[in-house]
2 protein chains.
Amino acid sequence: MKDTIMFQLRKDQFYLTVDAAVFTILDKQLKLLLIRRKYPPFEGRYALPGGFVRIDEFLKQAVGRELEEETGVKGIFLQKLPAFGDVGRDPRGRVITIPYLALINSEEVRLHSTGDAELARWQPVYELPELAFDHQRIIDVALSKLRDELERTNIAADIMPARFTLTELQTAYEIILDRKLDKRNFRKRLRELSMVKELSETKMEGAHRPARLYSFRSKDHKGI
Amino acid sequence: MKDTIMFQLRKDQFYLTVDAAVFTILDKQLKLLLIRRKYPPFEGRYALPGGFVRIDEFLKQAVGRELEEETGVKGIFLQKLPAFGDVGRDPRGRVITIPYLALINSEEVRLHSTGDAELARWQPVYELPELAFDHQRIIDVALSKLRDELERTNIAADIMPARFTLTELQTAYEIILDRKLDKRNFRKRLRELSMVKELSETKMEGAHRPARLYSFRSKDHKGI
DNA sequence: CCAAAAGTGTTAGTGATACACCCATGT
DNA sequence: ACATGGGTGTATCACTAACACTTTTGG
């Protein structure tokens with residue numbers, strides 16, 4: 001079981017972990033995937049999902065694997081963040097972590113909270129409990145990277161369902177950036193960047209004009 | 001001697017290195033500090049200066065130490081870049097490197113090329129030989145980060161002498177960005193950002209009007 | 001007085017922001 | 001017919017880019 005390695009680390013060598021800062025939007029809030037630690041150190045505290053990289057494993061593979069173990073989701077875009085490697089950041093030994101940023105559409109996830117697995121939960125980003133290790137700092141970096149990417153790339157594709165209305169997309173932007181956007185300017189910009197394509201279907205729901213559905217032209221992560 | 005550790009690495013553990021992509025301007029060219037490897041692997045090839053992190057050493061300390069060993073310079077600003085950790089990037093074992101970006105004024109450096117030390121040289125960035133490891137990729141990342149920072153921060157302070165003319169500063173920008181800039185726009189922008197302060201002295205040299213000298217207001221690295 | 005680099009403002013264009021009304025539907 | 005969210009264009013402002021001549025010195 002994967003935590004075995006964690007009980008006793010040698011003091012004379014480096015260990016490498018990956019952590020994933022996975023954001024989603026749920027209940028109109030920006031949320032972050034956290035797991036509750038079942039073992040020391042920081043037993044009982046919340047932490048980013050992640051774990052030790054295997055000696056013959058690529059970093060991205062390792063995050064992908066950890067993430068799949070926690071969420072059942074694979075194949076999502078992962079963006080490398082600067083390493084955290086201060087002496088003392090892990091009381092067990094010298095552990096360097098490579099954090100990754102990811103976005104995910106919460107509809108596509110079933111969190112595993114069965115049996116022995118650590119309890120995984122979506123936590124509102126602005127109401128985080130005290131976290132294990134230096135994970136709060138990692139999250140700060142991840143969030144500002146996320147906002148940065150959101151304005152420069154099509155990363156939003158990862159957080160949206162396959163088909164969505166422009167209002168839904170704008171709401172996602174607003175939730176992530178934590179500020180209101182102008183509807184006409186938002187749509188004009190989308191047109192100029194031609195990031196999304198109009199579908200023929202509409203979404204009929206509620207007592208009002210049906211909304212046109214759109215999809216991203218490409219889910220490949222790319223700049224504007 | 002520092003290479004001792006490198007001869008035989010264990011295959012079942014991680015090793016951590018830091019590498020420094022140190023840029024300077026010399027002979028009107030953007031140059032990069034490279035060392036020639038005296039030992040395998042990649043014996044005889046050029047590589048970024050760097051080395052193994054000690055188990056109780058902070059990453060930044062480690063780069064600082066390596067850099068001081070190579071160049072005699074300390075206390076310069078170092079910016080962390082994304083880690084490189086692919087399996088197989090070092091034939092000796094699983095070595096993860098944290099690269100750092102730095103700029104330095106070549107006037108302040110005396111390269112050590114004495115005795116046992118590896119030969120350190122300034123190499124023009126656009127005419128690099130084939131490099132060891134994945135260092136060419138690291139350099140590509142470092143260079144684009146450098147250009148990015150140059151337009152958003154006062155990082156240029158690190159590459160300039162204490163006192164300089166605005167033409168010299170503009171030339172440095174042009175060399176790094178590899179494109180011409182407009183003199184009046186450049187100066188207007190400097191004024192708006194108030195990044196530099198005017199000194200009372202002038203630089204009298206050559207058969208033309210003397211140029212006013214300037215210095216950076218702060219060498220602290222900060223955004224605009 | 002000529003050569004050489006220093007120094008200095010204005011205009012046009014482009015992108016960002018602010019803003020208000022009509023439309024299609026369900027009840 | 002009214003309530004609800006969907007959908008659309010224009011005017012202003014701010015920032016960026018383009019551009020040419022005068023100044024001061026040494027030779």
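Each chain gets a letter, A, B and so on, in the order its sequence line appears, and its residues count up from 1.
Comparing B/L213 and B/A207 against DNA chain C, the residue whose closest nucleotide sits nearer the 5' end is B/A207. Toward the 5′ end of DNA chain D lies the nearest nucleotide of A/L166, the other residue of the pair B/R184 and A/L166 mapping further downstream. Remark on DNA chain D: of its neighbouring residues B/G206 and B/K183, the 5'-side contact belongs to B/K183, judged by nearest-heavy-atom nucleotide. Where A/H208 and B/R187 each meet DNA chain C at their nearest nucleotide, the meeting point lying more 5' is that of B/R187.
Following rounding to the nearest Å, A/R179 (CZ) and C/dA18 (P) show an atom-to-atom distance of 10 Å. One interatomic measurement links the two molecules: CZ of A/F186 to C1' of D/dG9, which rounds to 18 Å at whole-angstrom precision. One interatomic measurement links the two molecules: NZ of B/K203 to C1' of D/dG26, which rounds to 16 Å at whole-angstrom precision. In this structure, CZ of A/R212 is placed 14 Å from C1' of C/dT25, rounded to the nearest angstrom. In this structure, A/R189 atom CZ and D/dT8 atom P are separated by 19 Å, rounded to whole Å. For the pair A/E192 CD and C/dT17 P, the computed distance is 12 Å after rounding to whole Å. The CD atom of B/E205 sits 13 Å away from the C1' atom of C/dA6 (whole-angstrom rounding). Look at CG on A/N185: it is 11 Å from C1' on C/dG15, rounded to the nearest Å.
No salt bridge links A/K188 with A/E192; every basic N to acidic carboxylate O contact stays at or beyond 4.0 Å. Between B/R179 and B/E151, at least one side-chain nitrogen of the basic residue sits less than 4.0 Å from a carboxylate oxygen of the acidic one, meeting the salt-bridge criterion.
Judged by the 6.0 Å and 45° rule, B/K180 forms no cation-pi pair with B/Y173. For the pair A/K203 and A/F164, the cation-pi test (distance below 6.0 Å, angle within 45°) is failed.
Here the nucleotide nearest the side chain of B/R209, chosen from C/dA24, C/dA5, C/dA18, is C/dA5. Side chain of A/D182, nearest nucleotide from C/dC19, D/dA17, C/dT17: C/dC19. Checked against D/dT25, C/dG7, C/dT17, the side chain of B/M204 finds its nearest nucleotide in D/dT25. Minimum atom distance to the side chain of B/A211 is reached by C/dA6, of the listed D/dC19, C/dA6, C/dG26.
On a pure distance criterion of 3.5 Å, a polar donor-acceptor pair joins the side chain of A/K188 and the base of C/dT17.
At the phosphate of C/dA5, neither OP1 nor OP2 sits under 4.0 Å from any side-chain N or O atom of B/T167.
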Check against ring-ring contact (aromatic ring centres under 6.0 Å, His included), B/F14 and A/Y15: CA-CA 6 Å; B/F14 289 93; A/Y15 292 86; 8.0 Å; no
